[in-house]
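Since the structure comes first, as structure tokens, the remarks are kept for the end.
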Amino acid sequence: MPGQHPEQEDMVKGGEAELRRHRLAKMERFRERGDDPYKYLYERTHTIQEARSAFEDLEARTAQEELQPLPASLAGRIVARRIQGKSTFMDIRDECGRIQVFLGQKQVGETAYEASKDLDIGDFIGVKGGIKRTHRNEITLFAEEYGLLSKSLRAAAEKYHGLSDVETRYRRRYLDLVANPEVMDIFRKRIRMIDAMRGWLLNHGFLEVETPMLHPIPGGATARPFITHHNTYDADFYLRVAPELYLKKLLVGGFEKVFEINRCFRNEGVDTRHNPEFTTMELYEAYQDYRGLMDETEDMLTHVIETVVGSRQFTYQECELSVERPWKRLTLFEAIRQYAGIDLEATRDRDEAARLAMSAGVEITPDVGYGKIVDEVMSLKVQPHLIQPTFLYDYPIELSPLAKKKRGNDALTERFQPFIACLEVGNAFSELNDPIDQRQRFEAQAALREAGDDEAQYLDEDFLTALEVGMPPAAGLGIGIDRLAMLITDSPSIRDVILFPQLRPGD
RNA sequence: GGACGGGUAGCUCAGUCGGUAGAGCAUCGGACUUUUAAUCCGGUGGCCGCGGGUUCGAGCCCCGCCCCGUUCACCA
């Protein structure tokens, strides 16, 4: 492979290796001219975007015949070059803009012009000169002097079709960002989305905290964990599947409103909606229940979407969506009655529930329990209908070992989930703070685990001890940041909103 | 894990019936002082994903494997 043993490539002609040799030679020539091909700094007067608007302002308030070139020093990467003998046009690009540069032999001098032939697409340069329009009306920086800031040794992607090979785009995202400027817009949107959410949280009195990534016992979600090892302690740790239990310990400690935006890791399947590591926002609020939190969730998500997309209406994969409040709210069982046409709430009997589910066309295997049946019907028969923002609430207790029982109904928990465009974007509940109840729930999970369910949650004595010290009544919410980013950026795959998505190692 | 689609030059892609591997862009050399997918002339560039097999002969057919995508399964 090129780069590993460049000295062995000397015999190779053409292709990438030869291109790299040419560029190394050009780099050497800069050195021979006493010009460091890798500078330490460059003082620019404007970003490209700033320079453009400064020039347009100037044009707007100056009479045509009095218009003078706007002096500027700009820096960027050469993305295109059109050489015509003694004059050269280049397009340079920085993070937010692109501008044409004119390099004339007469203007920069014969020596400097000659040296410019050793520039390549991909090089970073700094250019000082005046901005004016060409005869073809293109805003252009006319160079008085220029300098190489950083030499590129490898070829860029094709200039017209860009880079479209999905694997290369994901594995070498920097090439994707260079070749496809719209990709950067997606990630800027994701960043603004997180900023907007953090802003909302801080405005509402939440404190941002950080809790461990390495857990001695994985907890807070039903999921298979990654295992790692600590050498000094000679102990195994699990990459966290959720920060939930630690955040609740902070409520025990006296924090009242906390949140964390950070990574979780789940050792499970990979597809368009799942990446092994993903980002969640989890918040916990003392003296609040799931009803109040539903209102807050609606407020927060609406605020975030409105801030980033600039409207309460937006499109996701051909789907017209509106986050206009209030959002639809249905209990899970109402939704099942409505969309699956069966009443699973009427029975608590596993076999009866299985029979009903089958009658609605949902395949049920003998090993799944009541909770799982409800879950199955929900995801197959209900979720595909939840296009406009909808809250489902009141989930069976079997599915929610960390949620408080519903007042007046021991079979249910006070839990809700927001759905948008059929995507589950969050999960929330009145937090279970009764240590006796919590112990029983853990024991039920442990029994499932004994029975072979390797996703059932572990009994966490440490957490139970904390609850026994006393946790205030509270509500908690988790939001899948990546999925929300998919919605906001109209991306069909989670990999499009993760800078470096996880692929099989190799190449 | 199953099904389907894909992997050919640095990039984007063609490749007929099994008969000497192609184009555009990029790159290199030449011409060119207002181009913007610059133009014109000439050149370099290939482990056709990897390994077997069939055949006089395989990019193409057969078998196995690897990687990517979609989807189903699994799963928050």
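When reading the values below, keep in mind they use all heavy atoms of this one structure, side chains included, and skip hydrogens, waters and symmetry mates. A, B, ... follow the sequence lines: proteins, then strands. Residue 1 opens every chain.
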Between [X] ([atom1]) and [N] ([atom2]), how many Å, whole number?
X	N	atom1	atom2	result
I83(A)	G30(B)	CD1	P	11 Å
L19(A)	G45(B)	CG	P	15 Å
R266(A)	A76(B)	CZ	P	8 Å
R81(A)	C28(B)	CZ	C1'	12 Å
E167(A)	U12(B)	CD	P	12 Å
Q84(A)	U33(B)	CD	C1'	7 Å
H22(A)	C28(B)	NE2	P	6 Å
R23(A)	U27(B)	CZ	C1'	8 Å

I want to check one thing: is the phosphate of [N], taken as OP1 and OP2, less than 4.0 Å away from some side-chain N or O of [X]?
X	N	answer
R82(A)	U36(B)	no
K159(A)	A37(B)	no
R171(A)	C68(B)	yes
S164(A)	U12(B)	yes

Using both distances under 3.5 Å as the test, list the Watson-Crick or G-U wobble partner of [N], or none.
N	result
G19(B)	C56(B)
C4(B)	G69(B)
C11(B)	G24(B)
G64(B)	C50(B)
U39(B)	A31(B)

Between [X] and [Y] (side chain of the first, backbone of the second, donor and acceptor by atom type, cut-off under 3.5 Å), is there such a pair?
X	Y	result
Y113(A)	S87(A)	yes
E145(A)	G129(A)	no
S150(A)	F124(A)	no
D460(A)	F463(A)	yes
R350(A)	V368(A)	yes

Side-chain donor/acceptor of [X] to base of [N], under 3.5 Å:
X	N	value
E158(A)	A26(B)	no
Q417(A)	A76(B)	yes
R415(A)	A76(B)	yes

Taking only the [atom1] atom of each, what is the distance from [N] to [M] in whole angstrom?
N	M	atom1	result
U27(B)	G1(B)	P	42 Å
G49(B)	G7(B)	C1'	6 Å
G24(B)	U39(B)	C1'	15 Å
U34(B)	G29(B)	P	22 Å
U16(B)	G6(B)	P	14 Å
G22(B)	G43(B)	P	14 Å
C40(B)	G45(B)	C1'	22 Å
G51(B)	G15(B)	C1'	24 Å

If you count every heavy atom of other residues, nucleotides or ligands that lies below 6.0 Å from E110(A) atom CD, does the total exceed 12?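 Not buried by this count: 12 neighbours or fewer within 6.0 Å.
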Does G480(A) reach a base, just sugar-phosphate, or nothing at all? Heavy atoms under 4.0 Å. nothing
Of the options [options], whose atoms approach the side-chain atoms of [X] most closely?
X	options	result
I121(A)	C67(B), A26(B), U33(B)	A26(B)
K26(A)	U12(B), U33(B), C28(B)	C28(B)
V166(A)	A38(B), G69(B), C28(B)	G69(B)
E18(A)	U12(B), U44(B), C67(B)	U44(B)

For this output row, return yes or no: ring centroids of H385(A) and Y339(A) closer than 6.0 angstrom.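 Ring centres of Y339(A) and H385(A) closer than 6.0 Å.
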Check: F142(A) ring centre within less than 6.0 Å of F102(A) ring centre: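 Yes.
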Each nucleotide N or O in nucleotides 70-75 of chain B that has a protein N or O under 3.5 Å away: list the pair and distance.
residue: U70(B); atom: OP2; partner: R495(A); partner atom: NH1; Å: 3.2
residue: C75(B); atom: O3'; partner: E455(A); partner atom: OE1; Å: 3.2
residue: C75(B); atom: O2'; partner: E268(A); partner atom: OE1; Å: 2.3
residue: C75(B); atom: O2'; partner: E268(A); partner atom: OE2; Å: 3.3
residue: C75(B); atom: O2; partner: H274(A); partner atom: NE2; Å: 3.1

Salt bridge check: are E260(A) and R240(A) linked by an N-O gap of less than 4.0 Å? yes
Could you tell me whether D118(A) and R33(A) make a salt bridge, using a distance below 4.0 angstrom between a side-chain N and a carboxylate O?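 Judged by the 4.0 Å cut-off on N to carboxylate O distance, D118(A) and R33(A) do form a salt bridge.
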Earlier contact from the 5' end, RNA chain B, for Q105(A) and D91(A):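 Here Q105(A) is the residue nearer the 5' end.
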Take M378(A) and F142(A), find for each the nucleotide of RNA chain B with the closest heavy atom, and name the residue whose nucleotide sits nearer the 5' end. F142(A)
Tell me whether H135(A) is stacked on the nucleobase of U34(B), counting only the six-membered base ring and applying the 5.5 Å and 30° thresholds. yes
